[in-house]
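As a basis for the values below, the full set of heavy atoms in this structure was taken, side chains included, without hydrogen atoms, waters or symmetry mates. To find a chain, count down the sequence lines: A is the first, B the second, and so on, and within it residues start at 1.
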Amino acid sequence: MSSDFAAPAYIRFYSRSSKLIAEFFEYSINTILYQRGVYPAEDFTAVKKYGLNILVSCDDQVKAYIKKIMSQLNKWMIGGKISKLIVVITSKETGEHVERWQFDVQILCKTAKTKLGRGSTDKENHTSGEVEPPPEKSEKQIQDEIQAIFRQITASVTFLPMLDGNCTFNVLVYADADSEVPMEWGDSDAKEIKNGEKVQLRSFSTSNHRVDTLVSYRYADRSTTTRSP
Amino acid sequence: MPLTPSPRTRTASIASNAPSSTSPFTPPRQSGETMRAASQTYGGNLSSLFSRSTSRQHSHRDSPKSNIAHPTNSPRRLELGVSDWALTGTGSSAGPTPSKLKQRRDGTLRSRPAKTTIRTGDRFIPNRQASEAIMVAGMGKPDADKQRPKTSGSGSGEGSAVLANAANAFDFHGAGDEAAAALQGLSLDDDDNPSKYTRTSPNTLAYQSSLASACGVSLNTRILAFKPAPPEQTKPIDLRSQYNRPLKPASATSAQFRRRVLSAPERVLDAPGLVDDYYLNLLDWSSGNQVAIGLERSVYVWSAESGTVNCLLETSPDTYVSSVKWSGDGAYVGVGLGTGEVQIWDVEEGTKLRSMHGHDSRVGVMGWSKHLLSTGSRSGLVFNHDVRIAQHKVAELVSHQSEVCGLEWRSDGAQLATGGNDNLVCIWDARSLTSPKYTKTNHRAAVKALSWCPWQLNLLATGGGSYDRHIHFWNSTTGARTNSIDTGSQVTSLRWSTHYREIVSSSGFPDNSLSIWSYPTLVRNVEIPAHETRVLHSCLSPDGQMLATAAADESLKFWKLFEKKPGTSSAVREGSISSKGGDMIKQMTIR
């Protein structure tokens with residue numbers, strides 16, 4: 001099959017793409033923490049990235065926390081184990097999930113190692129067994145797409161409900177069942193938002209991945225409280 | 001398992017099942033077997049069938065499904081392996097076919113392609129029962145054997161046949177009695193009764209999987225959370241202020257403050273004997289660039305230009321200096337005493353010009369407006385003295401109930417602000433002094449710090465004491481409070497910069513610091529730890545660049561807080577504070 005000789009290149013692109021996605025997650029988490037006021041604005045400094053000024057935390061504890069998440073995320077990404085990354089913002093007072101940022105990761109062309117073992121029934125029915133890789137995108141195009149997402153995240157504060165500032169956050173991933181899971185990670189529910197509104201934001205894709213962004217948030221306090229028994 | 005003996009079919013069926021089961025149920029059985037036979041034919045269909053079968057459908061449907069699970073597999077295998085089976089199996093196509101209802105009927109039609117499947121149709125009925133049994137495992141085979149014959153007859157999926165099959169199946173299985181009974185009772189409908197399921201660990205698995213699929217969750221993924229709690233935020237956040245922040249807040253403030261503020265004092269002088277009393281006002285800097293300070297019973301004048309010090313006066317031993325204030329032209333200094341007496345001294349000559357009596361308690365604060373000297377006393381009374389005439393007392397301002405400790409004339413002399421130990425701020429109109437124009441009760445502690453804004457005449461800043469800690473900003477025309485700052489410590493004095501849109505406050509416990517605030521943003525640009533004990537008094541140099549502070553640590557410090565950038569004209573009109581200032585700015589130094 002053609003993939004035989006193409007594989008090395010794929011793998012190379014693949015891991016590069018994974019890194020790019022992981023990096024995107026890192027900046028997304030920081031941006032969300034800043035924009036949604038999970039941590040005070042003074043704790044953030046602007047860095048140039050994707051042609052934007054992106055605010056990243058300069059608080060040592062927060063930095064270390066995100067770094068821990070990212071190091072594991074990197075491994076999973078490269079292994080192609082992750083299908084979703086989710087940042088949930090939770091009210092400290094009520095423990096209610098008030099906002100949920102979801103990044104869906106789609107692996108566009110599954111090369112060699114990633115997922116042959118499972119979900120294979122369909123696959124094997126396709127004789128070719130592989131999807132045409134989309135035409136290669138330039139770095140610039142990818143960066144522009146990512147930039148657009150960050151602009152949207154920033155702009156979303158205009159329609160997202162006010163948070164009272166007393167919030168905390170959690171990071172969830174949807175990982176393959178066969179993933180290696182370190183001690184610090186544990187099974188969780190999806191932390192969905194009850195009666196949440198959803199807004200689909202932009203997407204971007206690399207040669208190997210496609211990332212869709214979705215934010216859901218608790219809408220109209222009163223109606224939810226009256227509805228809930 | 002009991003059933004196990006039946007060799008081929010069963011094994012085959014099981015194997016087949018496994019593959020089919022792959023989707024939802026599979027997990028337990030899947031192992032390796034399924035791979036070979038199943039892949040092509042069954043693929044997704046079986047799985048879907050199974051999933052449905054688990055729950056509810058009618059006998060027909062169920063049977064096929066259930067059948068599919070066991071027998072179907074077998075047939076497939078059979079197909080692969082042996083042609084003989086074809087006879088029995090012909091109907092089987094149903095098994096593979098996705099639609100359950102059709103299966104039996106179709107079965108005949110389809111029988112050609114998949115012979116084995118036919119049985120499945122038959123089997124299905126028993127299978128349900130069996131399904132329970134299936135759990136156990138072996139049962140399938142015996143059923144299969146008998147079924148086949150029956151199946152041929154029943155192939156159409158008639159109820160009777162089904163029942164019969166079922167019965168047969170049960171017999172063999174042994175497990176099936178209940179199920180058989182149930183089936184009969186139900187006739188075609190089957191049975192999804194819970195009773196049947198009881199044993200099934202596999203069923204539960206199936207249930208889980210179907211549930212999972214219903215919820216849109218794949219069993220193949222786990223939701224993982226990063227368990228450690230995120231670090232606490234250091235302080236509560238008001239998002240509203242965050243939304244309005246410039247993108248780069250740090251640089252914004254620093255840009256505003258590009259001018260560096262020296263955090264070290266320019267000069268430190270000893271001020272031995274300085275009375276540690278918040279209610280007194282013992283420091284003032286004249287327009288002639290001389291600093292007067294009251295130290296216990298003496299008033300000293302320090303010339304900033306020459307650095308020389310003169311003792312201007314010493315009071316009688318029974319009293320002490322409670323306030324000093326330079327006249328606007330810098331020629332005279334008013335001195336208030338603990339007895340309530342007010343003296344006016346000519347500094348150049350070093351002589352006392354006159355004494356003015358009237359207060360019966362100490363005069364803690366004074367203010368000049370041209371020839372008018374206002375004095376506030378411990379009694380809460382404020383007198384206006386016209387220093388030119390013998391009957392000096394020209395007005396009595398009655399409002400405060402307690403010691404007056406803050407008093408400032410507006411630069412144009414049209415309004416007077418006073419603050420007292422009764423926590424009141426009074427704003428007086430110079431033309432009508434019988435009652436204050438406004439009385440403000442917002443402060444919760446004594447108000448000593450008062451300052452009129454040099455660039456906006458009707459803006460007054462007032463600062464409260466230990467229990468208040470706030471700076472309030474007032475529009476003296478409307479009486480409205482326009483802004484407030486919580487400084488976090490006692491506010492002992494306030495001075496507006498004449499060059500920058502800033503105000504400096506001095507504070508007591510716990511910081512003993514000087515803070516420079518931008519106005520109207522109220523951003524604290526800098527905080528300088530100034531003294532070891534609370535800062536009691538402050539005053540600006542006539543050129544507006546330097547601040548002198550006196551503190552209970554008996555030192556007098558000079559701070560270059562508002563250094564002028566060379567070449568920039570002062571942002572604020574200078575006239576009010578330094579009448580002679582124009583020339584002086586360049587040459588003024590302190591020695």
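- Looking at A:Asp59, its side chain does come within 3.5 Å of a backbone N or O of A:Gln61 through a donor-acceptor pair.
- Side chain of B:Thr221 to main chain of A:Tyr174: no donor-acceptor pair is present (N/O by atom type, distance under 3.5 Å, no hydrogens or angles).
- Most heavy-atom pairs under 4.5 Å with chain A, from the set B:Pro228, B:Ala229, B:Pro231: that is B:Pro231.
- Of all the listed residues (A:Ile69, A:Ile86, A:Val62), the one sharing the greatest number of non-hydrogen pairs under 4.5 Å with chain B is A:Ile69.
- Using a 4.5 Å cut-off between heavy atoms, A:Val173 contacts chain B through both its backbone and its side chain.
- At least one donor-acceptor pair closer than 3.5 Å links the side chain of A:Asn30 to the backbone N or O of A:Ser57.
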Sequence neighbours excluded and cut-off under 3.5 Å, please list the side-chain donor-acceptor pairs for residues 21-29 of chain A, or say none.
residue: A:Glu23; atom: OE1; partner: A:Lys49; partner atom: NZ; Å: 3.3
residue: A:Glu23; atom: OE2; partner: A:Lys49; partner atom: NZ; Å: 3.3
residue: A:Ser28; atom: OG; partner: A:Phe24; partner atom: O; Å: 2.6

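- The contact between A:Asn170 and chain B is made entirely by side chain atoms (from C-beta outward), counting heavy-atom distances below 4.5 Å.
- The pair A:Glu99-A:Arg36 meets the salt-bridge criterion, with a side-chain N (NZ, NE, NH1 or NH2) lying under 4.0 Å from an Asp/Glu carboxylate O.
- Interface remark: A:Lys84 contributes no atoms to any contact with chain B (heavy atom separation under 4.5 Å).
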